[in-house]
Q: 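My questions all concern the structure below.
Indexing begins at 1, ligand by ligand and atom by atom, following the structure's order.
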Amino acid sequence: MSKHQFASWLQEDGIQLTEKQEKQFDLYYRMLVDWNKKMNLTGITDEDEVYEKHFYDSLTALFAHNFQKVKNVVDIGAGAGFPSIPIKICFPHLKVVIVDSLKKRMTFLEHLAEELDLQEVDFLHGRAEDVAHISAHREKYDVSIARAVARMSVLTELCLPFVKRGGTFLAMKGSTGLEEKEEAGKACRMIGGRWLDSYSLTLPNEKSERYILRMEKIDSTPKSYPRKPGTPSKKPLV
Ligand code: SAM
């Protein structure tokens, strides 16, 4: 997907990029590829592929969920900024918090936010299992979101504790999305969630399958969750 195709696909989906936003994506691409020479940020460096598999793919969250009324978003395990930085570029009103356990990637993101002139983006270096127990972050977000971090049963324990009651957890998944949803039923109930729906799509050129699973927070998360770092993935709630 060329950057021109990117803009016109988004326009068809009702997202009209301004010149400033197009420039921000362009600079994001250049910084990603440049920094990737010094640290491992992404396996994808071809411009058309980055536009489709990182930028467009991140923005598919906007098709599954209405972000107009969302005030704050936490992105768990954002790596090189996906999906929250593309979402922030399109919706500058959002307050975004990024949590990632890899310090080097946070350094990249801090420079990126400065260069792209993104306001109200905060970076927390740490594990979701720990950050979710800090009162300033526990049950404080309208939306928590994650792409390519862990299987759904594990991810639910990492992400849902951040969401306030009535808020939403969005999990961006590949072809195993529905299977993972089945597996995560118990985790969903135990952490205080209820399944809302799943949105499916295929990437326009590359044609791979995607699922965006939405979970609503209906009850407070019991204090014992998430369990200590590493336990959610070693002993998933299945
Ligand atoms: N979400 C990005 C994307 O879609 O390109 C990055 C995906 S990368 C495969 C997974 C990221 O999650 C890594 O940057 C890793 O450091 C982070 N991560 C994994 N487990 C985590 C945890 N328990 N707490 C915080 N970050 C975590």
Q: Might you confirm whether atom NZ of K38 has over 12 heavy atoms from other residues, nucleotides or ligands at distances under 6.0 Å?
A: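 Buried by this count: over 12 neighbours within 6.0 Å.
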Q: Write 'none' if nothing qualifies; otherwise put on separate lines each N/O atom of ligand 1 with a protein N/O atom under 3.5 Å away and their distance to 0.1 Å.
A:
residue: ligand 1; atom: 1 (N); partner: G77; partner atom: O; Å: 2.8
residue: ligand 1; atom: 1 (N); partner: F82; partner atom: O; Å: 2.8
residue: ligand 1; atom: 1 (N); partner: R147; partner atom: O; Å: 2.7
residue: ligand 1; atom: 4 (O); partner: R147; partner atom: O; Å: 3.2
residue: ligand 1; atom: 4 (O); partner: R147; partner atom: NE; Å: 2.6
residue: ligand 1; atom: 4 (O); partner: R147; partner atom: NH2; Å: 3.2
residue: ligand 1; atom: 5 (O); partner: R147; partner atom: NH2; Å: 3.1
residue: ligand 1; atom: 14 (O); partner: D100; partner atom: OD1; Å: 3.2
residue: ligand 1; atom: 14 (O); partner: D100; partner atom: OD2; Å: 2.8
residue: ligand 1; atom: 14 (O); partner: R105; partner atom: NH1; Å: 2.7
residue: ligand 1; atom: 16 (O); partner: D100; partner atom: OD1; Å: 2.7
residue: ligand 1; atom: 16 (O); partner: S101; partner atom: OG; Å: 3.4
residue: ligand 1; atom: 23 (N); partner: E129; partner atom: OE1; Å: 2.9
residue: ligand 1; atom: 24 (N); partner: A128; partner atom: N; Å: 2.9
residue: ligand 1; atom: 26 (N); partner: S101; partner atom: N; Å: 3.2
residue: ligand 1; atom: 26 (N); partner: S101; partner atom: OG; Å: 3.4

Q: Closer than 4.0 angstrom, basic N to acidic O: yes or no for E157 and R227?
A: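 Salt bridge present between E157 and R227.
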Q: Look at E139 together with K217 and state whether they make a salt bridge at an N to O cut-off of under 4.0 Å.
A: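 Yes, this pair counts.
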Q: More than 12 foreign heavy atoms under 6.0 Å from NE2 of H93: is that the case here?
A: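 Atom NE2 in H93 is packed in, count exceeds 12.
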Q: Identify the residue among K173, E179, E180 that makes a side chain to side chain donor-acceptor pair (under 3.5 Å) with T176.
A: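 For T176, the side chain to side chain donor-acceptor pair (under 3.5 Å) test succeeds with only one of K173, E179, E180, which is E180.
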Q: Can you confirm if the aromatic rings of Y28 and F55 lie within a centre distance of less than 6.0 Å?
A: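 F55 vs Y28: aromatic centres under 6.0 Å.
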